[in-house]
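Comments concern the structure below.
Just so you know, these numbers use all the heavy atoms, side chains as well, and skip hydrogens, waters and symmetry mates. Predicted model only: the values in this text are computed from it and were never measured. Below, read A as the first sequence line, B as the second, and so on, with proteins coming before strands; counting in each chain starts at 1.
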Amino acid sequence: MSGPALIISFFVLAVASVASALGVILFRNAVYSALSLILTLLFLAMFYLQLGAMFIAIVQILIYAGAIMVLFLFVVTMLAADPRDPDLQDRLPWQRGVAAVLGLVLVGALSYLLLSGTPLNEAARAHGSEALSQVVAQQGNIQAFGQALFHGFSFAFEVTSLVIVVAILGALVLGRKA
Amino acid sequence: MTTIPVSWYLIVSALLFTIGTIGVLVRRNPLIIFMSIELMLNAVNLAFVTLSSYLDSADGQIFVFIVLTVAAAEVVVGLAIIVSIFRTRRNIDVDEMNLLRG
């Protein structure tokens, strides 16, 4: 895919992902918000495919849109029994306007910085055998990812397992009947 | 490889991050606040993948992988906390949670 098709698909994905992200914070019903977030995550996975990060796209769909969001939906359906919607009576009604103004400031500042900041240094690009596209062309996408993970970041990868064990133990402790 | 300027992707990422921030500020259902935090994490992931593709280096993708793991752990613990708060208080409104003790 190249040229106009790429640009059209970028804009379709950009509009769709921003619209579904707005759905997350605008829907009153938490189930709709969760479904909208799943849509956003799927659109982001398509962005990743467009950027050539296939492994990340697949992991995004499997883990985020699959596992994490199923967990979310379970909890939403478990807690939705509460008849009164917490968003109906607002104690601090002025905070919506403040939040909108602060959001506009944030998006303006981020866009200004991203558009006017120093262009990325050409020297920062990886070259030769270090370059991702080289390894992908020679060995394939997932092999390139695995090589980078286990050659440069194997300690971080091991620490990741510790994080998961701590999370499992924490959930067990919190979920026990008091 | 790609003909799309890198700043376009970064602006989409900035928009998603801002939407997540506004969600955290405005909504008072902790589940939706959690979803907004996930949205912010994903916006940052998009920036990581974009720069990884632009700089032709796999490092950004590995950061995304680590962020994904931490996000999964955070969701597990956070949802467990919300469920246990719901068990003791019978309602989940962040404005009414102003005590650290149960």
Side-chain angles (χ1 to χ4, degrees), chain A residues 2-3 6-7 10 14 17-18 21-22 24-25 30 33-34 37 40-41 44 47-48 51-53 56 59 63-64 68 71-72 75-76 79 82 86-87 91 95-96 99-100 103 106-107 110-111 114-115 120 124-126 131-133 144-145 148-149 153 156 160 163-164 167 170-171 174-175, chain B residues 1-4 6-12 14-23 25-29 31-32 35-36 38-39 42 45-46 49-50 52-59 61-62 64-66 68-73 75-77 79-84 86 91-93 95:
Chain A
S2 64
L6 187 67
I7 291 181
F10 172 82
S17 60
V18 170
L22 279 175
V24 175
I25 65 168
S33 288
L37 182 56
T40 316
L41 298 175
L44 280 174
F47 268 131
Y48 298 161
L51 288 164
I56 295 295
V59 163
I63 297 184
Y64 245 122
I68 295 183
L71 199 65
F72 257 108
V75 175
V76 168
L79 303 189
D82 193 10
D87 280 312
R91 274 194 203 171
Q95 73 184 1
R96 280 168 197 262
L106 180 61
V107 78
L110 283 175
S111 308
L114 292 176
L115 285 177
L120 287 166
R125 270 179 194 266
L132 181 62
S133 53
F145 180 85
L149 180 61
F153 295 88
T160 291
V163 171
I164 293 177
L174 287 168
Chain B
M1 188 192 86
T2 168
T3 58
I4 296 181
V6 67
S7 54
W8 293 8
Y9 283 106
L10 294 179
I11 283 175
V12 172
L15 277 174
L16 292 178
F17 190 88
T18 309
I19 292 172
T21 316
I22 294 178
L25 291 177
V26 165
R27 299 303 300 258
R28 286 167 316 129
N29 185 340
L31 287 167
I32 294 182
M35 291 180 205
S36 304
E38 294 301 309
L39 204 57
N42 273 285
N45 281 353
L46 178 60
V49 173
T50 306
S52 152
S53 153
Y54 181 74
L55 296 176
D56 207 6
S57 152
D59 292 2
Q61 296 187 22
I62 289 166
V64 171
F65 187 72
I66 306 284
L68 226 92
T69 320
V70 173
V75 164
V76 167
V77 175
L79 288 180
I81 291 173
I82 291 176
V83 168
S84 77
F86 183 74
N91 84 47
I92 43 166
D93 182 341
D95 280 353

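- When ring centroids are compared, A:Phe145 and B:Phe65 come within the 6.0 Å threshold.
- Atom CG in B:Leu10 sits 10.0 Å away from atom CG in A:Leu110 (nearest 0.5 Å).
- Here the closest non-hydrogen pair linking A:Ile68 and B:Ala71 is CD1-C, 4.5 Å.
- Side chains of A:Thr40 and B:Met35 form no contact here, defined as non-hydrogen atoms less than 4.5 Å apart.
- Both the backbone and the side chain of A:Ser33 have a heavy atom closer than 4.5 Å to some heavy atom of chain B.
- When each of A:Leu44, A:Leu41, A:Leu37 is tested with B:Leu39 by the rule side-chain contact (heavy atoms from CB on, under 4.5 Å), just one qualifies, namely A:Leu37.
- Residue with the most contacts toward chain A among B:Leu25, B:Val12, B:Thr21, B:Asn42: B:Asn42 (heavy-atom pairs, distance under 4.5 Å).
- In this structure, the portion of A:Tyr64 lying under 4.5 Å from any heavy atom of chain B is its side chain and not its backbone.
- Chain B forms more heavy-atom pairs under 4.5 Å with one residue of A:Ser111, A:Ala14, A:Ala100, A:Ala53 than with any other, namely A:Ala53.
- With chain B as partner, the option from A:Phe47, A:Phe153, A:Tyr48 having the largest number of non-hydrogen pairs under 4.5 angstrom is A:Tyr48.
- Using a 4.5 Å cut-off on side-chain heavy atoms (C-beta onward), B:Ile82 and A:Leu79 make contact.
- Among the candidates B:Val70, B:Asn45, B:Val64, the residue making the largest number of heavy-atom pairs closer than 4.5 Å to chain A is B:Asn45.
- Distance OH/B:Tyr9 to CG/A:Leu51: 4.5 Å, rounded to 0.5 Å.
- Between chain A and the residues B:Val77, B:Leu31, B:Leu15, the most heavy-atom pairs under 4.5 angstrom are made by B:Leu31.
- Between chain A and the options B:Leu16, B:Leu46, B:Ile11, heavy-atom pairs under 4.5 Å are most frequent for B:Leu46.
- Within the model, atoms CD1 of B:Ile22 and CG of A:Leu106 stand 8.0 Å from one another, a figure rounded to the nearest 0.5 Å.
- Put simply, the side chain of B:Asp56 never gets that close to the backbone of A:Ala131: no donor and acceptor are under 3.5 Å apart.
- To the nearest 0.5 Å, the span separating CG on A:Leu6 from CD1 on B:Ile4 amounts to 4.0 Å.
- The two residues A:Gly103 and B:Thr18 come nearest to each other via the heavy atoms O-CG2, 3.1 Å.
- Not counting sequence neighbours, the partners of A:Leu71 by the side-chain contact (heavy atoms from CB on, under 4.5 Å) test are B:Val75, B:Val76, B:Leu79.
- Counting only heavy atoms from C-beta outward, the side chains of A:Val24 and B:Ile19 never approach each other to under 4.5 Å.
- Taking each heavy atom of A:Ala171 and B:Ala80 in turn, the nearest pair found is CA-CB, 4.1 Å.
- In this structure, chain A has a heavy atom under 4.5 Å from the side chain of B:Ser7, while its backbone stays farther away.
- Taking CD1 of B:Ile66 as the start and CG of A:Leu149 as the end, the distance is 6.5 Å to the nearest 0.5 Å.
- Heavy atoms closer than 4.5 Å to chain A are found in both the backbone and the side chain of B:Thr50.
- When all heavy atoms of B:Gln61 and A:Ile56 are compared, the pair lying nearest together is O-CD1, 3.4 Å.
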